[in-house]
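Report on one structure; see the data block that follows.
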Amino acid sequence: MAIIVEGRIFGLIALLVITGSIVYYMQKAYSGKIPKLRRLQAVDVIDEILGRCVEMGRPAYYLMDTVSMDTPSILAPTVAAFQILAYTARRAAHLGSKFFVPVTQGLAYTIASEVVDEAYKAENKQDELKLEETVMYLPDGADRMYIINHMWSDEMAGAFFLGSWYHKAVIFTENAARVGAMMLGGTDTTHNIPFLVAICDYSLIGEELYALGAYLSEDPTVSASLAGQDIGKYIAALLIILGSILITIGMDIKGLLSM
Amino acid sequence: MSLMDKLLDLDQRIIYAMLFIALAFPILHPIVLPMDIQAYSQESFDFADSIPDGSVVLIEGGLTAATYPQGGPGLEVQIVHMLRKDVKLVFFSIGTETAAWTVTAINNALARLPAGVAAENGVNWVHMGYVPGGESGTAAFANDIRSVKSEDHFGTPIDQIPLMNDINMASDFAAVFWWGGSEGSIPYGVRQIVTPFGVPMTGMCTTNEVPNYSPYINSGQLHGIIGGVRGSAEYEYLMSMPGLALGQAMATNFGGLLWAFLVVLGNVLYFIARREGGNK
Amino acid sequence: MDSFLLGLIAGSFVSIGAYSVLIGDNPLSKFTEHLYMGILGGFIFATNWNYVKTNAIIPVLQGNFVYIFAIILCVMLLSRLNTDWLWLSRYPVAVTVGAGLGLAIRTTVMSDFLGQINATILPLNSLDNILMVIGTVSAAAYFIFTAQTEGPYKYVNMTGRVFLLAAFGVTYGQTVSFRFELVIGRLVDMLRDEVAMYTYAMLLIIGVGLAYGYYTKKIKWYSGR
Amino acid sequence: MQIPIILTAIIGILMIIEFFFPMPTAMTSLNVTLRSFVTIISAAALILGTLVLTIYHGKKVGTKSSEWYYSIIYIAAFVITAGLGVINVRDTTFLWIYNNMTSPIGAALYSLTAFYITSAAYRVLRARNWNSAVLLVCALIVLLMLIPVGAILFPPVVPIGTWIRSIPSGAGFRGMIIGTSLGIMGLGVRVFTGRQKEHLGIREERRKE
C-alpha cells in the first residue's frame, strides 16, 4: 500500500509548501517583521459607505447571497464574508449607521446574528441594536422580492455585496444603483463577478475578498499571512513559465505534476 | 434637462417594457432562422453516443422551474437517446426542487419513447431522489450510495431495486451526465467523481456558465457541454427530434438584438454628450 | 377545471406579481413577496423536518445510537433562541466550518491550483499558447499583495487587469443571452393557448388597479434614476 | 472558548489527511458519518430559521406594527404549506402548491435578471476608459456570437468570439481561479490556527483606534 494516494503527491507537496510559507510569514510577524502590503482601496471604502449612510440617515445593507455552510466552495467565501461583517458591523455601531443583514440559510443566520450582536457589544451600543430586525432569516429565493421591495421603500444609501454571489448579483446591484446607493462588491464566483465589477462603485475580485478580512484585522500576524499566499502565486508563475519552456524544448513535466 | 440627458438617464421601466415586447413577440409569432452546431455540443453528443450499449450511467438532474425550459428538452431527448441504446440510467439530484423536475423529465421522455424500447422503473432506470449536503453530499453519495440513500425517490427500498443490486459507488458507472442547470454544481461532479474515481463526465449548464467550465473541457475532465437552450436545441437537432428548445432559441435573437442596440445607443449618446460637454 | 390548468393560471398570476416588482415597491409585489416567503418557508420547514426525521430520529429509534450526537448538535442549535445559551451553537458551527474548509482546501489545491497550472503548461509554439501563458501568469500576479504598483510590476498588473476584464466581458455577454432564455421560458408558460386569456385578463385588472393607485397617490411612485 | 476553534482545526485537518493518505476503513467511515452529521445539522438550522422568521411575523401581527396585514399572508401561507408537508411530504396538495406557486415565482424572479442586466448595460457599459472598453467590446461580441442570428448578420463574430472566449477569457479566469485557491488555503490556515474566529461570533479583543 502506498503511503500517499497516487496522483496526489504533488498536491500534498504544493499544499505543504503554501501553508508552510503562510505559517512562516505569520510566525515572522509574531516576532515583529511585518511585510509591507499594497493598499487595498476597499479598506477605506467601508467607512466611506457607512459615513454616507449616517449622513443621509438611511440604512446600509450587508448582503451575502448564497451562504451554504455545507458546500465547501461556498463555505469559504461565506466565512470570508463573516470576517468582513464583523468589522463592518462594528464600524456601523461606532458611526451609528442603520444596518441590515438578511441571511438565507439557517446556520449562517445564527452565526451572523452572533457576529452582529458581538460587534454592538464591543462598541457598548447594545441598546441601539434590534437584533431581530437587523439580522433576519429570509428563505433562499424569497429574499429577492423582500430585498428589492425594501431597497426602494427604505431608500438605502449603501450596500455591501460580499460572499458567494450567484444570479442575485445583478438583481440587487442594479436596484441598489437605481435607488442611489454607494456599493462595494466582491465575490469569487466566476460567473457573477462581472456584474459586481461593472455596477458597483468599488469591487473586490476573487482572492481580494479573502484578503480583505485579513487586511481589516488588527492582528499583524493575520495580514502577514497574505505574504505567504503570494509565495503560492510565485510558485504558480514559475511552474507555468518553466514548464512551458521545458515542454517547448521537448521535456514534459506534466507527468511529474500529476504524480 | 436636454433631450440628450433625458435619453442618457432613460427611466429603467421603459427599458423593461421594451424587453418584454421583444421577447414575447417571437413566442406569439415564431420565426425560425438557420443555426449551426457548436463544438462543445457536438463533443458532448458524441461522448453520449459512444457509451457502450448495456452499460450503466449516472445522471444528476439539476434543473429547476427556471432552467427546465432550457435544459429539460435536451435532458428528455438524452433519456430517449440512452434508453434506445439499452443504457441503464441512475438519476439523483442535489436539490429537492430539482429532484421533482427530474421526475418530470423522465415522464416526458418516456412519453416520447418509440414503441418497443424497454423503460421499466427499477430495471432500466431508477431515480434515487434528493441527496442533501451539496458537494459533501455528492462526495458521500459517490463513495457509498447506501450511506446516504436507503430508498429511491418514490419510496422503494434500495434493496428491492434490481438495477441497484451491483451498484454502490461512482466507479460502478460507465459515465456521468451532470445536468447542472444553473446550480453551479458541475465542479462537484468533477472534484468528487471524475478526479477520485476516473469516471468520464459530460454535462449541461446554462449558457452563462459555459466559459467557467471551458478549463475543465480543455483539460479533458469534461467531455464537452450542452450550453443552455441553444445546446438543447442542438441535441434535439442531432437526434432529429425537434421540440420546444428550438423555438425558444429563436426568441433570444430579438432580446439579444435589443440589448446590443441599447448598448450601442448608450455609447453613441455618451460620446456625443462628452464632446458637447468638452466644447462648453 | 382540472388541477393542471389551475396550476398554470396560478403560476401565471404569481409571475405577474413577481414581475410587478420591476415598477418599484408596490402592494402587489408586497403581497407576492409575503405569499412566496410563506410557502417557501413552509416548504423548507417540512422537507427539512422530514430529512432530520428519516436520517437522525428514525435511525436512533432503530438502535443506531451514533445519531444521538447529531440530534444533540441540532438541539444545541435551537439554543440560539435564548441568548444566554448562545455559545452552545458554536459547536455545530465548528464542525461544519472545519469539515467544509478541510474539503475545500483539499480539492482546491488539486483541481484549482495544480489543475489550472497543469492545463496552462503549453508548448510556446503558437500565438494562442503564448497569450494563454502570459494571460494566466499576469492575471494570477494581479493579486500579489506584497508588490506595490510601481516599476515593472505595474505593467504586469495592467496586463493582468486587461485579461481579467476580457474574461468578465465574455461572461457578461454570455449571461445576457441566457437570462433572456429564462424570461422566454416563463413567457412560454404564461402565453400558452389555454392560459393566455386568463393572463391578459389578470394583467388588465392589475394594470387598472395599480394605475388608479398611482394616480390617486395611494401608492408611492418611485421616480426613475 | 478555545474548544470550538480546536474542534474546527481537528476536523478540517482530518478531512485533508483522509484525502492524501490511504486510511483505515474505520477512519473513512468516521468521516462519512461526520459528513452526514453536517447535512443533518444544516437541515435543523433551516428549521430554526423558518421558526424565527415566523415568530418575527407573529410579533408584527401582535403589535400591529406597520404593514402588519402582509404578515398575516405570510403566516397563513407558512402554516398551510408546513402543515401539509409535515403530515406527508408526498402529499399531492403540498406538491401542487410547490410546483404551481413557488416554482413559477422562483422562475420569474430568477428571470428578473434579464431586465436588470439590460438596464444596467445601458447605464454602465460605456467606454469611459480603456478598461471599460475591453469589457464592453468582449461582451458585445460574445452576445452576438451566441444569439443564433448573430452569425448570419456578422459572420466574423463567431471565430472572434470563440477565440476571445477560449484564450483571453480562459487565461483571465485561470489566473483568478489560481488566486482564489490560494485565498481559500490562506483562509484555512488563519481559521485553523485560530487567528480569525469571527465566524464563530468570537470577537477579536485587540483593536486599534
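Convention: sequence-line order gives letters A, B, ...; per-chain numbering from 1.
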Check whether [X] gets within reach of chain C through its side chain, its backbone, both or neither, counting any heavy atom under 4.5 Å.
X	value
I80(D)	neither
S169(D)	both
A76(D)	neither
A9(D)	neither
A120(D)	both
Y110(D)	both
F192(D)	side chain
Y98(D)	side chain
V191(D)	side chain

Check this for me: W130(D), atom CH2, are more than 12 non-hydrogen atoms of other residues, nucleotides or ligands nearer than 6.0 Å?
no

Could you tell me whether F21(D) atom CZ has more than 12 heavy atoms of other residues or ligands within 6.0 Å of it?
yes

Can you say whether [X] sits under 4.5 Å from chain D via the side chain, the backbone, both, or neither, judging by heavy atoms?
X	answer
S111(C)	neither
Y51(C)	side chain
A141(C)	neither
M110(C)	side chain
F69(C)	both
V137(C)	neither

Which of [options] touches chain C most, by non-hydrogen pairs under 4.5 Å:
options	result
V86(D), I167(D), I147(D)	I167(D)
I17(D), I11(D), I105(D)	I105(D)
L84(D), I141(D), V134(D)	V134(D)
A139(D), G85(D), A44(D)	A139(D)
G183(D), A171(D), S103(D), G106(D)	A171(D)
I75(D), T113(D), L7(D)	T113(D)

To the closest 0.5 Å, what do you measure between [atom1] ([X]) and [atom2] ([Y])?
X	Y	atom1	atom2	value
R186(C)	L112(D)	CZ	CG	12.0 Å
L146(D)	E181(C)	CG	CD	8.5 Å
I47(D)	I44(C)	CD1	CD1	11.0 Å
T108(C)	L187(D)	OG1	CG	11.5 Å

Please rank [options] by heavy-atom pairs under 4.5 Å with chain D and give me the top one.
options	result
G17(C), A70(C), G135(C)	A70(C)
T32(C), T107(C), T171(C), I117(C)	T171(C)
V52(C), I16(C), L187(C), I144(C)	V52(C)
V95(C), L22(C), V21(C), V109(C)	L22(C)
F143(C), Y142(C), Y36(C)	Y36(C)
T47(C), L40(C), N55(C), T120(C)	T120(C)

I'd like to check [X] versus [Y] (side-chain heavy atoms, cut-off strictly below 4.5 Å). Are they in contact?
X	Y	value
T136(C)	F173(D)	no
T81(D)	F45(C)	no
I73(D)	K30(C)	no

Aromatic ring pairing Y70(D)/H34(C), orientation class (parallel under 30°, perpendicular over 60°, tilted between):
parallel

I would like to know whether F180(C) and T118(D) meet side-chain contact (heavy atoms from CB on, under 4.5 Å); could you show each step before the answer?
CA-CA 10 Å; F180(C) 291 153; T118(D) 310; 3.8 Å; yes

Quick one: does Y172(C)'s side chain have a donor or acceptor within less than 3.5 Å of a partner on I117(D)'s backbone?
yes

Has R106(C) got a side-chain atom pairing as donor or acceptor with M15(D)'s backbone, closer than 3.5 angstrom?
yes

For [X] against [Y], the heavy-atom pair lying closest together:
X	Y	answer
A18(C)	L109(D)	CB-CD2, 4.0 Å
S181(D)	D112(C)	CB-CB, 3.8 Å
G175(D)	A139(C)	CA-CB, 3.8 Å
N100(D)	L8(C)	OD1-N, 4.3 Å
L101(C)	G188(D)	CD1-CA, 4.3 Å

Please report the C-alpha distance between M185(D) and F113(C) in whole Å, then the side-chain angles of each, then the deciding distance to 0.1 Å, and finally whether the side-chain contact (heavy atoms from CB on, under 4.5 Å) criterion is met.
CA-CA 10 Å; M185(D) 286 183 245; F113(C) 187 71; 4.2 Å; yes

Derivation and outcome, side-chain contact (heavy atoms from CB on, under 4.5 Å), residues C74(C) and I40(D)
CA-CA 8 Å; C74(C) 293; I40(D) 293 167; 3.7 Å; yes

Can you check whether F43(C) and F94(D) have ring centres sitting under 6.0 Å from each other?
yes

Report, by ascending residue number, the residues of residues 125-134 of chain C in heavy-atom contact with chain D at a distance under 4.5 Å; give 'none' if the set is empty.
D128(C), L131(C), M132(C)

